[in-house]
K.L.:
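I am attaching a structure below and will ask some questions about it afterwards.
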2 protein chains.
Amino acid sequence: MFSIGTLGRRTGTKVQTIRYYEQIGLMPEPGRTDGGQRRYEDVALDRLAFIRHARELGFSLGAIRELLELSDSPERSCAQVDAVAQKQLSDVEARIARLEALRGELQRMIRECNADRVADCRILEVLRDHEKCLADHGRPDA
Amino acid sequence: MFSIGTLGRRTGTKVQTIRYYEQIGLMPEPGRTDGGQRRYEDVALDRLAFIRHARELGFSLGAIRELLELSDSPERSCAQVDAVAQKQLSDVEARIARLEALRGELQRMIRECNADRVADCRILEVLRDHEKCLADHGRPDA
DNA sequence: ATACAATCTACAGCGACTGTAGGTTCAAGG
DNA sequence: CCTTGAACCTACAGTCGCTGTAGATTGTAT
C-alpha cells in the first residue's frame with residue numbers, strides 16, 4: 001500500500017498524469033485512506049509501467065487500452081495484439097518517411113541560402129513560393 | 001477582393017483555419033462588406049500561402065510568426081532566418097532519430113512474437129517488462 | 001422575390017497531458 | 001500530544017493547431 005507520489009516516483013510518471021489515467025479509465029480506481037488519499041497495491045505498478053512503456057514506444061492511449069483489454073484474456077489468439085503493434089509500426093514508418101522528406105527540403109533551403117540580407121534570403125523565397133520546392137508535402141507531420 | 005471561401009480554396013486552407021490565423025494575429029484583419037463578411041486582397045493570398053507552406057515543412061506557428069516578422073525588414077541580416085530554419089532542421093532530425101529507435105524496437109517485438117495465445121505473446125511481454133527492451137526511450141515522441 | 005450556399009460569431013472538443021489555486025491530510029520530529 | 005510542512009485532494013484552465021457544431025445572417029443567382 002503506497003501513495004500516488006510513490007507510484008509516480010517508481011514509474012517515472014507525474015502525479016497528475018496518474019490521476020488523468022484514472023479519470024479516463026486506463027487505471028482502475030484505487031482504495032482510499034479515511035482522509036481520502038489514494039493507496040495503491042503492487043498490481044498498479046505493473047499496469048502503470050505497462051502503460052508508460054507503451055507510451056514510450058509511441059502507442060496511443062486508445063491502442064494501449066486495447067492492448068490492456070487483450071492481455072486480460074490470455075487464452076485468446078494474439079493476432080489482434082500483433083495487429084495493433086503492426087499498425088503502430090506502420091504509423092512510425094510513415095512518420096519517418098514524411099520527416100525525411102522535410103529534412104531534405106530544409107537542408108536544401110539552408111544550403112542554398114548564401115545571402116546576407118533578408119531581402120535575398122533563399123529560405124524565405126522558398127517558403128514564399130511553393131514551386132521552388134521539390135516535394136509535394138502532405139499534411140503537417142502528425 | 002474575394003471571400004474567405006475563395007481564399008481557402010486557392011490556398012488549400014479551411015475557412016475556420018483562416019479565421020483562427022486571424023484570431024491569433026498571424027493573418028491581418030481584412031476589410032468587410034457592409035454585411036460584415038471578410039473581403040481579401042491578393043496580398044492575403046501570398047501571406048497565407050507562406051504560412052501554409054511553412055506549416056507543411058513542420059514549422060510551428062510561433063516560428064512562422066518570427067519568419068514573417070523577419071521578412072518585414074528586408075535590409076536586415078538573414079542570420080536569424082537561418083537560425084530558425086536550422087532549429088527546425090535539428091528538431092526534425094531529433095524526431096527522426098527517436099522514431100528510428102522506436103521502429104527498431106517495434107520490429108524486434110513483432111519479429112520475436114511467434115506465439116498463438118495472448119498468454120505467450122512476446123509483444124505484451126516486452127511491454128510489460130522494460131528490461132526486455134534495448135533502447136532507453138526518452139519522452140513520447142514530440 | 002425567393003431559394004440556398006456561404007458566411008458570421010461563439011464556443012466545445014481533440015490528444016495527452018501540465019499547471020494552478022485553494023484547501024486537506026499524513027507522517028515525522030520535538 | 002502537537003506542530004510543521006510536504007504531499008495530497010478537487011476542479012478547472014491552458015497547451016498546440018486546428019476542427020466541428022449551432023444558430024443566425026448575408027450574398028448571389030434565378
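So you know, we letter chains A, B, ... as the sequences are listed, proteins then strands, and number each from 1. Quick caveat: nothing in here was measured; it's all calculated off a predicted structure.
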K.L.:
Rounded to whole Å, please give me the gap between CD in A:Gln23 and P in C:dC14.
P.N.:
12 Å
K.L.:
I'd like to know if B:Leu68 and B:Val43 are part of one continuous hydrophobic network [Ile/Leu/Val/Met/Phe/Trp/Tyr, side-chain heavy atoms within less than 4.5 Å].
P.N.:
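No, B:Val43 and B:Leu68 fall in different hydrophobic clusters.
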K.L.:
Can a salt bridge be assigned to the pair B:Glu22 and B:Arg19 using a cut-off of 4.0 Å between side-chain N and carboxylate O?
P.N.:
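Salt bridge: no.
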K.L.:
Name each donor-acceptor pair under 3.5 Å that joins a side chain in residues 75-83 of chain B to protein atoms two or more places apart or in another chain, with its distance.
P.N.:
from	atom 1	to	atom 2	distance (Å)
B:Glu75	OE1	A:Arg117	NH1	2.8
B:Glu75	OE2	A:Arg117	NH1	3.0
B:Arg76	NH2	B:Gln80	OE1	2.5
B:Ser77	OG	B:Ala79	N	2.9

K.L.:
Would you say that more than 12 heavy atoms from the other residues, nucleotides or ligands in this model lie under 6.0 Å from the CD of A:Glu112, or not?
P.N.:
yes
K.L.:
With heavy atoms under 4.0 Å as the rule, sort B:Arg19 into base, sugar-phosphate or nothing.
P.N.:
base
K.L.:
Ignoring hydrogens and geometry beyond distance, is the side chain of B:Gln37 in donor-acceptor contact with the base of D:dG27 at under 3.5 Å?
P.N.:
no
K.L.:
Can we say B:Arg95 and B:Asp91 salt-bridge, meaning some charged N sits less than 4.0 Å from an Asp/Glu carboxylate O?
P.N.:
no
K.L.:
Report the distance from atom CD1 of B:Ile18 to atom C1' of C:dT9, rounded to the nearest whole Å.
P.N.:
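Whole-Å distance recorded here is 16 Å.
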K.L.:
On the nucleotide C:dC17, are OP1 or OP2 found under 4.0 Å from the side-chain N or O atoms that A:Arg55 carries?
P.N.:
yes
K.L.:
In whole angstrom, what separates B:Met1's CE from D:dT28's P?
P.N.:
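One finds 12 Å between P of D:dT28 and CE of B:Met1, rounded.
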K.L.:
Within this structure, what is the CZ-to-C1' distance between A:Phe59 and C:dA16, rounded to whole angstrom?
P.N.:
17 Å
K.L.:
Kindly state which residues belonging to residues 24-36 of chain A come within less than 4.0 angstrom of DNA chain D, counting heavy atoms of the residue only, listed by number.
P.N.:
A:Arg32, A:Gly36
K.L.:
Think A:Lys14 has a side-chain N or O under 4.0 angstrom from the OP1 or OP2 of C:dA16?
P.N.:
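Result: no.
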K.L.:
Under 4.0 Å from OP1 or OP2 of D:dC18: is there any side-chain N or O of B:Tyr21 that close?
P.N.:
yes
K.L.:
Hey, which of these two, A:Gly62 or A:Arg39, hits DNA chain C nearer its 5' end, going by closest nucleotide?
P.N.:
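The answer here is A:Gly62.
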K.L.:
At less than 4.0 Å, is any side-chain N or O atom of A:Thr17 found next to OP1 or OP2 of C:dC17? Yes or no.
P.N.:
no
K.L.:
For D:dC9, does OP1 or OP2 lie under 4.0 Å from any side-chain N or O of A:Arg38?
P.N.:
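So the side chain of A:Arg38 is within the cut-off, an N or O lying under 4.0 Å from OP1 or OP2 of D:dC9.
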K.L.:
Does any donor atom in the side chain of B:Arg52 or B:Tyr21 lie under 3.5 Å from an acceptor atom in the other side chain?
P.N.:
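There is such a pair between these side chains.
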K.L.:
How far apart are the C-alpha atoms of A:Met27 and A:Ile51, what are their side-chain angles, what is the distance that settles it, and do they pass the side chain to side chain contact (heavy atoms under 4.5 Å, CB included) test?
P.N.:
CA-CA 9 Å; A:Met27 287 292 288; A:Ile51 295 170; 3.8 Å; yes
K.L.:
Want to settle it: does B:Leu61 or A:Val15 sit nearer the 5' end of DNA chain D, counting the closest nucleotide to each?
P.N.:
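It is A:Val15, whose closest nucleotide lies nearer the 5' terminus.
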